2 protein chains.
Amino acid sequence: MRISTRGKYGVRAMFDLAMRYGQGPIPLKTIAERQEISEHYLEQLMGNLRRAGLVNSVRGAQGGYELAFTPGEIKIGQIIRVLEGPIAPVECVEDGADPACERFDSCATRLLWERLRDSMTEVLDSTTLADLCEEAANL
Amino acid sequence: MRISTRGKYGVRAMFDLAMRYGQGPIPLKTIAERQEISEHYLEQLMGNLRRAGLVNSVRGAQGGYELAFTPGEIKIGQIIRVLEGPIAPVECVEDGADPACERFDSCATRLLWERLRDSMTEVLDSTTLADLCEEAANL
DNA sequence: CTAATCCCGAGTAAACCCATAGGGATTACG
DNA sequence: CGTAATCCCTATGGGTTTACTCGGGATTAG
């Protein structure tokens, strides 16, 4: 029941960018050092986030990454979905999964997994990067 | 963000036992066939559940497994913890994890993971096998 | 005695995770 | 215009986990 380092690192990196929102592009190297994440590995994650439209990149010297939206507009759930895939404890309760479940009594356990999925989604989609920044300020 | 087949199969098998609670021991083979789970694989899972005290086993012919408590006394969270480990999206918010987090601003993300853990725990520990049986009856 | 059953440990193929390596493209700045 | 800083891309590899399979031993009802 763990998320992988992808989601963990991704949220950390995005939080790092959120804390410096509006200060121009932040180089990957800086984020990686501050967050103690392998640079090359983080690069792959940032690539995914960029292609998903959550960050913009600026190439060349003095370049780096910046959020594509304000911290208040980016939900943690979006980051997780990009880096970890759909938020669903089992495949058959993924959003848009085919509803044909040939198993008869699995339906009972399915309701359980749906409730679990919903409660996870609720937490992850009701928290934005701005919320994390605010919480960080109160520590 | 998936549970493995261990948790999935385990819940299915325990649900199967709950639906037949009080009818004497159910052989593994029967459960495996009904739930379409590899027999040898399920055997390993049942071993874990037995050692955790959630099921009793009866050896020899006419033997099998039965719940060690009434369906209403067994929470899904207990099954998941036996087969999947602690319910925690990241290691540092495991119950009883050392509170020494040398990372400074990870604290902000930590609050998030704690909220996620709590919402997952809430769902899994507020549902019992009896709840699943009841839901199955209403389908 | 025998068949049914649980019990146990080893082995294994595939997938996934977490990187690492090396080079190419772009651009600010002197 | 050259150079260093930076993003971009693909490939590779070791380690771990997953989801089994296999083979045999122990126990017990009938």
Side-chain angles (χ1 to χ4, degrees), chain A residues 1-13 16-17 23-68 80 82-86 89-91, chain B residues 1-13 16-17 23-68 80 82-86 89-91:
Chain A
M1 258 334 214
R2 293 275 171 79
I3 63 167
S4 69
T5 56
R6 284 218 277 278
K8 227 167 42 175
Y9 290 176
V11 171
R12 285 230 299 270
D16 195 285
L17 289 182
Q23 301 178 14
I26 313 286
L28 180 77
K29 193 177 178 184
T30 309
I31 307 172
E33 278 170 1
R34 236 176 346 225
Q35 301 295 331
E36 294 177 83
I37 301 171
S38 147
E39 201 177 325
H40 264 61
Y41 187 42
L42 182 56
E43 194 170 30
Q44 295 171 36
L45 307 183
M46 293 310 289
N48 289 328
L49 292 168
R50 177 179 50 81
R51 283 184 288 274
L54 294 182
V55 298
N56 293 324
S57 62
V58 179
R59 304 181 72 172
Q62 315 301 112
Y65 293 92
E66 54 196 356
L67 298 185
I80 296 294
V82 168
L83 297 172
E84 299 270 342
V90 299
E91 192 186 359
Chain B
M1 256 335 211
R2 292 274 173 79
I3 64 168
S4 68
T5 56
R6 284 218 276 278
K8 226 167 40 173
Y9 289 175
V11 171
R12 284 229 302 268
D16 195 286
L17 289 181
Q23 301 179 14
I26 313 286
L28 181 76
K29 193 177 180 185
T30 309
I31 306 172
E33 279 170 1
R34 233 172 353 220
Q35 301 295 330
E36 293 176 85
I37 301 171
S38 147
E39 201 177 324
H40 265 61
Y41 187 42
L42 182 57
E43 195 171 30
Q44 295 171 34
L45 307 184
M46 294 310 288
N48 289 329
L49 292 168
R50 177 179 51 81
R51 283 184 288 273
L54 293 183
V55 298
N56 293 323
S57 62
V58 179
R59 304 181 71 170
Q62 314 304 110
Y65 293 93
E66 55 197 356
L67 297 185
I80 296 293
V82 168
L83 297 172
E84 299 270 341
V90 300
E91 193 185 0

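Every chain is numbered from 1 and lettered A, B, ... according to where its sequence line falls, protein lines coming before strand lines. Just so it is clear, the structure is predicted and the values come from calculations on it, not from any experiment.
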Practice prompt. Nearest whole angstrom, please: distance from the P of D:dT18 to the OH of B:Y41.
Written response: 8 Å

Discussion item. Does B:E43 contact C:dT5 through a side-chain donor or acceptor facing the base, at a distance under 3.5 Å?
Written reply: no

Worksheet, complete the sentence: Rounded to whole Å, the CZ-P distance (A:R2 to D:dT17) equals 11 Å

Item to complete: Examine C:dC18: is either OP1 or OP2 under 4.0 Å from a nitrogen or oxygen in the side chain of A:S38? Give yes or no.
Response: no

Item to complete: Send over the distance from A:Q44 CD to D:dC9 C1', rounded to a whole Å.
Response: 10 Å

Worksheet entry | Considering all heavy atoms, the nearest A:K29-A:E39 contact | CG-OE1, 3.7 Å

Worksheet item: Going by heavy atoms in the side chains, are B:S4 and B:E84 under 4.5 Å from each other?
Response: yes

Discussion item. Are the side chains of A:L49 and A:Y65 in contact, using a 4.5 Å heavy-atom criterion?
Written reply: no

Item to complete: Check the distance between D:dC20's P and B:L42's CG and give it to me in whole angstrom.
Response: 11 Å

Fill in: Interatomic distance, A:H40 NE2 vs C:dC18 C1' [rounded to whole Å]
14 Å

Item to complete: Starting from P on C:dC17, measure out to CD on B:E91 and report it in whole angstrom.
Response: 17 Å

Fill in: B:I31 and B:I37, any side-chain heavy atoms less than 4.5 Å apart
no

Discussion item. Less than 4.0 angstrom between a side-chain N/O of A:S57 and OP1 or OP2 of D:dC7, yes or no?
Written reply: no

Worksheet entry | Any B:S4 side-chain nitrogen or oxygen under 4.0 Å from OP1 or OP2 of D:dA19 | yes

Discussion item. Between A:Y9 and A:R59, which residue's closest nucleotide on DNA chain C lies nearer the 5′ terminus?
Written reply: A:Y9

Worksheet item: So which nucleotide from D:dA29, C:dT26, C:dA28 ends up closest to the side chain of A:Q62?
Response: C:dA28

Item to complete: State whether the distance check finds a donor on one side and an acceptor on the other, under 3.5 Å, for side chain A:E39 versus base D:dT6.
Response: no

Practice prompt. Take atom CD1 of A:I26 and atom C1' of D:dC7, then tell me their distance rounded to the nearest Å.
Written response: 15 Å

Discussion item. Taking the minimum atom-to-atom distance to the side chain of B:T5, which one of D:dC7, D:dA19, D:dA4 wins?
Written reply: D:dA19

Discussion item. From CD1 of B:I37 over to C1' of D:dT21, roughly how many Å is that when rounded to an integer?
Written reply: 16 Å

Worksheet entry | Close side-chain approach of B:K8 to A:P89, heavy-atom, < 4.5 Å | no

Worksheet item: Counting just side-chain N and O atoms, does B:R50 come under 4.0 Å of either OP1 or OP2 of C:dC7?
Response: yes

